[in-house]
Amino acid sequence: MKRYSPKDIENKWQKKWDAEGTYTVNLDSKKPKYIGFGMFNYPSGAGIHVGHVRNFTIPDIMTRAKRQQGFASYQPIGWDSFGLPAENYAIKTGVSPQESTKTAIKKYHEQYKALGWSVDWTKEINTTDPSYYKWTQWVFTKLFEHKLAYQQESPQWWCDQCKTVLADEQVLSGKCWRHDGSDDPLVTKRNLKQWFFKITDYADAMLDATDDLDWTQSVKASQQSWIGRSIGAEVTFTVDGHDKDLTVFTTRPDTLFGATFIVLAPEHPLVDVVTTGENRVDVTTYAKAAITKSEVQRQQDADKEKTGLFTGAFAINPVNGKKVPIWVADYVLMGYGTGAIMAVPAHDVRDNAFAKKFDLDIVRVIANEEADDACTHAEGVLINSGEYNDMPSAKAREQIVTDLQKKGLAQEKVNYKMRDWLISRQRYWGAPIPIIHCESCGPVAVPEKDLPVELPHIENYRPTGGNVSVLAGVEEWVNAPCPKCSGPGKRETDTMDGYVCSSWYFLRYMDPTNNLEAWGKDRVHHWAPIDFYNGGDHATAHLLYARFFMHFFHSLGLVNTTEPFKKMIFNGKIKAGDGSPFSKSKGNGIDPLAVIEQGYGADAIRLYEMFAAPVELDVLWDEQGIPGAYRFLNRVWTITQEFLDAPKKQSNDNVIADIRMIEHKAIEKVTDDIDGVRFNTAIAALMEAVNGLYKLKGDGQLYNNDVWQAAIESILQLLAPFAPHITEELWSQLGHTDSIHINHWPKFNPDYLTLDTVTIVVQVNGKLRAQLQLPKDSDKDVVLTAAKADENVKEYLAKGTLVKQIYIPGKLINLVVS
RNA sequence: GGGCGAGUGGUGGAAUGGUUUACACAACAGACUUAAAAUCUGUCCCGCUAAAAACGGUUGUGGGUUCGAGUCCCACCUCGCCCACCA
């Protein structure tokens with residue numbers, strides 16, 4: 001009897017699949033399509049660790065199951081290979097990013113193939129390939145053409161270690177997302193002219209669509225909180241003694257009568273205008289200090305004491321004509337709303353803290369039971385609000401705005417936390433922004449026929465540290481004629497944020513070798529949206545950007561769906577045994593190749609990681625887990641070998657029924673569980689089935705006949721998405737010459753699950769007192785009589801009078817005694 | 001502070017409102033073996049019991065709905081994640 005030895009079979013089948021194109025999909029296939037994959041991977045020098053194995057095995061199982069079920073199933077592969085690690089490596093070693101990226105990808109090829117992922121290698125893409133970024137640049141020019149790419153000079157986050165600006169989303173708690181350690185400095189602000197994508201144009205559309213997405217709930221919640229829609233109103237106050245209006249944004253216009261002061265952000269243009277003589281020096285100093293502190297630092301210590309100063313000026317509250325003082329404070333942000341607020345200390349915690357510190361009036365306008373100087377957001381009935389008294393707050397909110405609107409003093413307004421997407425980066429290793437600045441025409445997009453704007457090869461990658469990328473020093477590249485007037489022009493020397501490349505790649509997967517267009521419409525109409533997508537973190541920015549692009553492409557008629565990812569799963573992480581995350585910097589990542597090398601094989605790693613916990617939960621790496629999975633595979637191997645060696649003989653009817661029951665229970669459960677991405681219980685069901693067959697084997701009932709063969713083959717087919725190598729090997733040993741992985745999925749027959757007798761649970765007052773074996777369609781009366789005849793049940797019935805009998809057919813009886 | 005989610009054996013985890021603890025890991029015992037590994041079989045929530053059956057208890061805590069609650073409702077405690085001076 002052959003022994004299970006992964007080393008002997010895994011590599012053999014990987015080569016065969018490659019040679020035969022087992023996982024190569026025909027993009028024009030007439031079969032129903034299915035496309036799924038994990039989030040784009042960045043090929044770092046370190047390669048993948050066992051945590052990544054989970055991220056990519058999950059979509060592998062989904063696409064494998066569909067391929068077996070007769071779909072044209074496509075698991076694409078590609079590399080998100082622009083970015084700082086390769087550039088920094090180049091600075092350190094002089095090896096070009098082009099070179100080191102190639103080397104890194106080679107290592108990834110080895111690892112991916114060793115894990116048996118069913119990716120279509122013939123359609124591999126790479127964002128740093130000019131034939132790819134040509135189309136990234138084309139996307140930019142489309143946005144530019146539709147005024148959704150624009151330049152603006154404004155203060156931007158600058159990471160002194162990356163030597164580039166960062167998008168808002170790449171700043172976490174005041175630090176760069178790549179440099180957020182405790183030793184790393186806070187990001188600073190630099191005033192630069194930068195390129196933005198106007199993602200805010202789609203804020204509403206994306207938010208509205210979020211609710212209906214079939215995505216992990218927490219990921220959807222992140223999308224919603226990032227977009228951050230607030231519905232409210234802008235209300236205009238006038239500055240006392242000036243001819244100036246002062247507009248504030250509020251979500252609670254119903255509390256307008258409680259507005260006892262106004263707060264301006266330090267950057268607010270009116271600060272300079274309204275501040276009175278004796279306050280001017282102090283206010284200007286405060287405002288200057290606050291502005292240099294930067295928004296992030298101001299937000300960072302949210303718990304700190306509020307600071308601020310009185311400007312000496314007053315504003316007139318439009319609802320009651322009352323004069324309220326105007327203050328300056330850094331807790332109000334210029335970047336949100338109007339940069340000015342009406343402070344309602346009775347009903348807003350921040351305003352409350354401020355009022356208490358500076359001894360300002362607190363006027364309650366919503367009735368409640370709290371202490372006088374307490375603060376609550378609660379809705380209620382208005383008080384101290386003139387003609388609006390006794391009105392419910394929700395109604396007053398509308399009424400007050402309507403009334404003020406008639407006088408031109410208010411209007412409904414929606415605000416978003418999301419800002420436009422800053423895409424300029426002052427670095428070398430990115431896709432160049434395809435713009436030529438012309439003195440007479442301004443910024444002009446490079447026409448499609450001249451794309452790609454290729455990155456020039458350079459000698460020294462070290463960033464200048466100034467405000468421009470090293471590309472600015474490559475004169476022969478920078479100087480280019482204006483595409484419009486042919487006059488002298490200069491190329492834009494900033495490159496694009498890597499997220500631009502990774503926010504449309506899924507469309508390129510659908511038409512990866514097209515030289516004429518980014519994608520053919522027909523191809524994308526057929527293959528979009530992505531049926532299954534998963535990632536190991538919330539990736540809120542990536543998902544927002546990808547959705548924005550898709551909405552945009554849809555508005556141009558370039559795609560036929562607005563949402564890129566139909567089903568999106570957030571999978572938990574694999575963590576080290578002590579609960580710390582696996583990380584490249586700590587060097588505690590376990591290389592899956594090492595585990596394979598130990599002799600356990602790729603199938604065991606895959607199976608263990610899928611079995612350990614539900615996909616959305618974190619898993620602590622358990623050294624014992626792999627041997628456990630290996631043990632199960634070994635049992636599958638053994639029973640197949642023993643079947644092949646068993647005497648040829650038909651089984652008796654009872655055994656046939658048992659085998660079919662085991663087989664079809666598994667078919668039903670595993671098919672359903674894979675569909676619902678419940679891999680741990682699917683694997684448990686397979687273990688149960690194999691245990692069941694082992695029991696029959698132990699009873700001397702294993703024979704080589706068609707019923708046994710059918711059961712074993714069904715189990716192999718169900719196991720194939722999880723453990724592709726061993727199942728392919730055993731499939732061939734069973735005499736098949738085709739691959740188990742294409743068009744082989746067992747058919748479920750519910751008839752085999754029906755039993756002649758059923759177990760009826762008998763409860764008395766909800767407690768289990770007996771179990772009865774009865775013919776499956778027994779009458780209610782027969783069941784009840786049998787139940788009451790049971791000795792144990794009788795005893796409990798005797799303790800009182802029977803008042804009620806609950807009967808769930810085929811399942812349970814509950815006799816209620818009182 | 002806000003939002004989302006989760007608390008079940010020694011451990012990872014199962015469980016359409018209907019037998020709590022499937023499946024596995026670890027542990028223990030037995031078989032095979034000169035021995036070990038591997039493999040196979042069995043035991044494995046707590047209490048009562050010499051042991052078993054029976055019985056009683058048990059899904060973070062306290063209440064509620066129900067014939068019946070891990071599951072639904074309310075309050076509280078703990079943990080995790082995300083957001084956070086966004087008006």
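The figures here come from the full heavy-atom set of this structure, side chains too, leaving out hydrogens, waters and symmetry mates. Chain identifiers are assigned alphabetically (A, B, ...) following the order of the sequence lines, protein sequences preceding nucleic acid strands; residue numbering begins at 1 within each chain.
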May I ask you to say what [X] touches in the nucleic acid, namely base, sugar-phosphate or nothing, with a heavy-atom cut-off under 4.0 Å?
X: Lys413(A); result: nothing
X: Leu617(A); result: sugar-phosphate
X: Lys767(A); result: sugar-phosphate
X: Asn792(A); result: sugar-phosphate
X: Ala612(A); result: sugar-phosphate
X: Arg678(A); result: nothing
X: Tyr796(A); result: sugar-phosphate

*Looking only at heavy atoms, what is the nearest atom pair of Gln773(A) and Thr757(A), with distance?*
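Here Gln773(A) and Thr757(A) meet closest at OE1-OG1, 3.8 Å.
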
For [N] and [M], measure between their [atom1] atoms and round to the nearest Å.
N: U8(B); M: G2(B); atom1: P; value: 26 Å
N: U19(B); M: A24(B); atom1: C1'; value: 22 Å
N: C55(B); M: G63(B); atom1: C1'; value: 28 Å
N: A36(B); M: G30(B); atom1: P; value: 11 Å
N: A22(B); M: U33(B); atom1: C1'; value: 34 Å
N: C4(B); M: G62(B); atom1: P; value: 26 Å

*Hey, is the side chain of Lys417(A) pairing donor to acceptor with the base of C83(B) inside 3.5 Å?*
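A donor-acceptor contact between them is absent.
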
_Counterpart residues, salt bridge (Lys or Arg N to Asp or Glu O under 4.0 Å), relative to Lys788(A) (two or more places apart)_ =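 Here no residue qualifies.
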
*For Asp790(A), what residues pass the salt bridge (Lys or Arg N to Asp or Glu O under 4.0 Å) criterion, not counting sequence neighbours?*
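Asp790(A) satisfies salt bridge (Lys or Arg N to Asp or Glu O under 4.0 Å) with no residue once adjacent residues are dropped.
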
Using atom [atom1] of [X] as one end and atom [atom2] of [N] as the other, report the distance to the nearest whole Å.
X: Tyr608(A); N: G13(B); atom1: OH; atom2: P; value: 10 Å
X: Lys2(A); N: U39(B); atom1: NZ; atom2: C1'; value: 20 Å
X: Met610(A); N: G13(B); atom1: CE; atom2: C1'; value: 15 Å
X: Arg252(A); N: A87(B); atom1: CZ; atom2: C1'; value: 11 Å
X: Asn765(A); N: G56(B); atom1: CG; atom2: P; value: 11 Å
X: Arg3(A); N: A37(B); atom1: CZ; atom2: C1'; value: 10 Å

*Could you grab the distance from atom CG of Leu360(A) to atom CZ of Phe310(A), nearest 0.5 Å is fine?*
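Going from CG on Leu360(A) over to CZ on Phe310(A), the span is 9.0 Å.
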
*Which way is the base of G30(B) turned, syn or anti, if we draw the line at 90° from 0?*
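For G30(B), whose glycosidic angle is more than 90° from 0, the conformation is anti.
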
Whether [X] contacts [N] is assessed here as follows: a side-chain N or O lying under 4.0 Å from the phosphate OP1 or OP2. Is that the case?
X: Tyr331(A); N: A87(B); answer: no
X: Arg769(A); N: A54(B); answer: no
X: Ser230(A); N: A87(B); answer: yes

*Report the secondary structure of RNA chain B in dot-bracket form, marking unpaired bases with a dot and bases paired to a different strand with |, and treating Watson-Crick or G-U pairs with both distances under 3.5 Å as paired.*
(((((((..(((.....[....))).(((((.......))))).(((.......)))..(((((..]....))))))))))))....

*Look at the aromatic rings of Tyr336(A) and Phe249(A) and report parallel, tilted or perpendicular, splitting at 30° and 60°.*
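Geometry flag for Phe249(A) against Tyr336(A): perpendicular rings.
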
*Check the angle between the aromatic planes of Phe354(A) and Trp327(A) and answer parallel, tilted or perpendicular using the 30° and 60° thresholds.*
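Correct class here is perpendicular.
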
*Check: Asp211(A) main-chain N/O paired with Lys220(A) side-chain donor or acceptor under 3.5 Å*: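 Side chain of Lys220(A) to backbone of Asp211(A), a donor-acceptor pair under 3.5 Å: yes, one is there.
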
*Flag, side chain of Thr210(A) to backbone of Met206(A), donor-acceptor distance under 3.5 Å*: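 Yes; judged by distance alone, with no hydrogens or angles, the pair exists.
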
Hey, can you pull the donor-acceptor pairs under 3.5 Å for the side chains in residues 612-634 of chain A, sequence neighbours left out?
| residue | atom | partner | partner atom | Å |
| --- | --- | --- | --- | --- |
| Asp618(A) | OD1 | Lys573(A) | N | 2.7 |
| Asp618(A) | OD2 | Lys575(A) | NZ | 3.2 |
| Asp622(A) | OD1 | Gln624(A) | N | 2.9 |

_Apply side chain to side chain donor-acceptor pair (under 3.5 Å) to residues Asp245(A) and Thr236(A) and explain how you reach the verdict._
CA-CA 6 Å; Asp245(A) 284 346; Thr236(A) 305; 5.5 Å; no

*List the protein contact pattern of nucleotides 17-27 of chain B with one symbol per nucleotide (5' to 3'): B for base contact, S for sugar-phosphate-only contact, - for none; contact means a heavy-atom distance under 4.0 Å.*
-BB--BBSSS-

*Nucleotide nearest Tyr694(A) when distance is taken to its side chain, options C40(B), G57(B), C67(B)*: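 So the side chain of Tyr694(A) is nearest to C40(B).
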
_Taking side-chain hydrogen bond (donor to acceptor under 3.5 Å, both in side chains) as the definition, give me every residue that meets it alongside Glu642(A), ordered by chain and number, with sequence neighbours left out._
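Testing Glu642(A) for side-chain hydrogen bond (donor to acceptor under 3.5 Å, both in side chains), a comparison that skips the adjacent residues, returns Lys697(A).
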
